[in-house]
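Written out below as structure tokens is the structure these notes cover.
Keep in mind the model is a prediction, meaning the values are calculated, not measured. Just follow the structure's listing: the first ligand is 1, and inside any ligand the first atom is 1.
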Amino acid sequence: MSFPHKRADFPDDFIFGVATSSYQIEGHAKGGAGRTHWDDFAATPGNVVRGETGALACDHYTRYAEDLDLVQAGGFDAYRFSISWARVMPDGVNINPEGVDFYDRLTDAMLERGIHPCATLYHWELPSSLADKGGWRNRDIAHWFADFTQAIMSRIGDRMSSVAPINEPWCVAWLSHFLGEHAPGLRDIRAAAHAMHHVLLAHGSAIETMRALGMTNLGGVFNMEWADPVDNSPQATRAAARYDGIYNHWFLSGVFKGEYPQIVLEGLEPHLPDRWQDDFPTIQSPLDWVGVNYYTRKRIAPETDLTRPGWPALREVDGPLPKTQMGWEIYPEGLYQLLTRTTRDYTGDLPLFVTENGMACADQREPDGVNDPARIAYLETHLAQVKRAIQDGVPVQGYMVWSLLDNYEWALGYEKRFGLVHVDFDTLERTPKSSYHTLANALRS
Ligand code: IFM
């Protein structure tokens, strides 16, 4: 399958990478890691497909060298990985030397292969002991998170190319405390409002901690979805604006403007913690770059079901575009729109990175390998929108594919395959897919 992009089409210092996260690939049962709120969530019947967990996952904890060989052989410049809080601090307080040693080895293994280590400090596996104290609902999480940041970055921070504190604050706060789809599985507006604020306070506290360690190239990674109203009615337009406010503007506005959008405060203000306005100096700790994780758009309608009253009074409506295995519409233009809007309204000259983009397909291993033409087409059309944004002056400086490996897709278990590399979850054998080979060729050319 021909692929129109090549490395030379992008700016000289443009970074191509692949992304993963600790709980989704490492095999959490190994190496003395502590219990997490994901283990608790998955143990509750009905929360996760087949009750699957990350106990073994891709066994990256053992096979990391083989996986980094794949990153190197694919011609990628950077590896975006995350650090398991419960591996470093199993009870959320005391350090597990084995856990810190693992990230030390992993970092050196990247450097030996000429791969830039790009770390994320939190990708969703909170130590259960801290979840038991209220987790993201408890303001103390900002201190707990700063302590964890200090513990791991005082050891490996000197070798990081870049670090972001928290992957996808919307998922940590809204998806997990209002929609109940991720751990801790709450559907509670007060819990959600507290988490929406504390996640940004913890982000800022971690940035301050790393600055005090003398670290540079620190950023924030936000997932973004384009929101289209289902029709031209004022009701649908307003519902889409509320969705956009909760999903996208809340976090950018907090970090870059020191305020929350009025359209979201209309629903959340009564439920926010006391004196929330006092925390903006920490939340606004200056960043060196911003990461955008992008997958899809949503079509939004006002809620008309009278049995579901109350704010934010909206619902997602099925769209007409082709969909991925996740059921997400494929809408590459949304990436262009979000990159340009983020630069225009929030980040100005600050470098942007696409820190996640990719699709799940029901890939199968055949005798001749794993053919995934739909993923190749997805990457092709999204990279075209990145190019378009760069041509229009948006300072996009890198693009990372989600994901290197098929992995544990949270509440959906192991069925949804996002990898450039197929993983047989019985044998743990890795097989690079045709998308991996296509990108490797493009990066070599
Ligand atoms: O697998 C997730 C990842 O953990 C965070 N971003 C979205 C991916 C696909 O759902």
Side-chain angles (χ1 to χ4, degrees), residues 17-28 36-39 41-42 47-49 52-54 57-58 60 79-86 118-126 164-176 179 181-183 199 203 219-226 247-248 251 290-298 316 323-331 334-335 338 353-363 372 374-375 378-379 382 399-423 425 435:
V18 278
T20 63
S21 92
S22 44
Y23 191 84
Q24 291 178 273
I25 65 165
E26 283 177 0
H28 195 73
T36 78
H37 71 167
W38 258 101
D39 302 306
F41 182 73
N47 278 346
V48 176
V49 172
E52 288 168 344
T53 72
C58 308
H60 175 76
Y79 179 51
R80 179 171 174 257
F81 68 108
S82 79
I83 294 159
S84 165
W85 190 343
C118 300
T120 304
L121 281 158
Y122 183 77
H123 198 126
W124 309 352
E125 69 274 62
L126 186 67
I166 293 170
N167 185 65
E168 302 185 348
W170 178 87
C171 293
V172 174
W174 196 253
L175 186 66
S176 308
L179 299 177
E181 292 177 23
H182 276 190
V199 74
H203 154 90
V221 170
F222 306 96
N223 52 326
M224 300 188 196
E225 276 186 1
W226 191 252
Y247 208 111
N248 303 309
F251 305 100
V290 160
V292 176
N293 292 0
Y294 177 79
Y295 292 90
T296 190
R297 70 149 182 186
K298 289 284 159 56
E316 296 174 16
K323 298 192 177 70
T324 72
Q325 193 193 15
M326 297 288 279
W328 295 344
E329 283 190 301
I330 300 175
Y331 184 62
L335 178 56
L338 287 163
F353 291 82
V354 177
T355 32
E356 283 183 27
N357 182 233
M359 77 179 283
C361 309
D363 300 315
D372 56 345
R375 180 173 292 103
Y378 183 100
L379 297 173
H382 285 77
Y399 175 89
M400 303 199 185
V401 179
W402 183 270
S403 180
L404 172 66
L405 303 171
D406 290 341
N407 60 48
Y408 177 65
E409 179 54 25
W410 304 109
L412 301 175
Y414 288 95
E415 200 177 87
K416 311 291 181 200
R417 293 182 175 271
F418 273 93
L420 296 176
V421 175
H422 179 275
V423 177
F425 290 109
S435 56

Note to self: If you define the side chain from C-beta out and look only at heavy atoms, does anything of W402 sit under 4.5 Å from N407?
What the structure shows: yes
Checklist line | Criterion side-chain contact (heavy atoms from CB on, under 4.5 Å) against Y294, the qualifying member of H382, E356, E225 | finding: H382
Check: Counting both backbone and side chain atoms, is some N or O of W410 under 3.5 Å from an N or O of ligand 1?
Finding: yes
Next item on the list: Return the residue, atom name and 0.1 Å-rounded distance of the protein heavy atom closest to atom 8 (C) of ligand 1.
Entry: Y295 OH, 3.5 Å
Notebook entry, point to check: N/O of S21 under 3.5 Å from N/O of ligand 1, yes or no?
Noted result: no
Next item on the list: Record the part of Y294 in heavy-atom contact with ligand 1 below 4.0 Å; permitted values are side chain, backbone, both and neither.
Entry: neither
Next item on the list: Flag the pair R417 and D372 as a salt bridge only when some basic side-chain nitrogen lies within less than 4.0 angstrom of an acidic carboxylate oxygen.
Entry: no
Next item on the list: Identify which of K416, M326, E409 has a heavy atom lying nearest to atom 9 (C) of ligand 1.
Entry: E409
Item checked: Within-cut-off N or O pair, H123 and ligand 1, under 3.5 Å -> yes
Next item on the list: Give a yes/no verdict on whether any heavy atom in W328 is under 4.0 Å from an atom of ligand 1.
Entry: yes
Next item on the list: Taking the side chain as every heavy atom from C-beta outward, state whether E329 and R297 have any atom pair closer than 4.5 Å.
Entry: yes
Check: Are any of the N or O atoms of N407 closer than 3.5 Å to those of ligand 1?
Finding: no
Next item on the list: In sequence, state the C-alpha distance, the side-chain angles, and the governing distance for V172 and L126, and then conclude on side-chain contact (heavy atoms from CB on, under 4.5 Å).
Entry: CA-CA 10 Å; V172 174; L126 186 67; over 6 Å; no
Check: Is the closest side-chain donor-acceptor distance between E125 and S22 under 3.5 Å?
Finding: yes
Checklist line | Minimum-distance protein heavy atom relative to atom 6 (N) of ligand 1 | finding: E356 OE1, 2.5 Å
Check: Given that the side chain starts at C-beta and the backbone is N, CA, C, O, which of these parts of N167 lies under 4.0 Å from ligand 1, counting heavy atoms, or is it both or neither?
Finding: side chain
Margin query: Return the OG1 to OH distance between T53 and Y23, rounded to the nearest 0.5 Å.
Written below: 4.5 Å
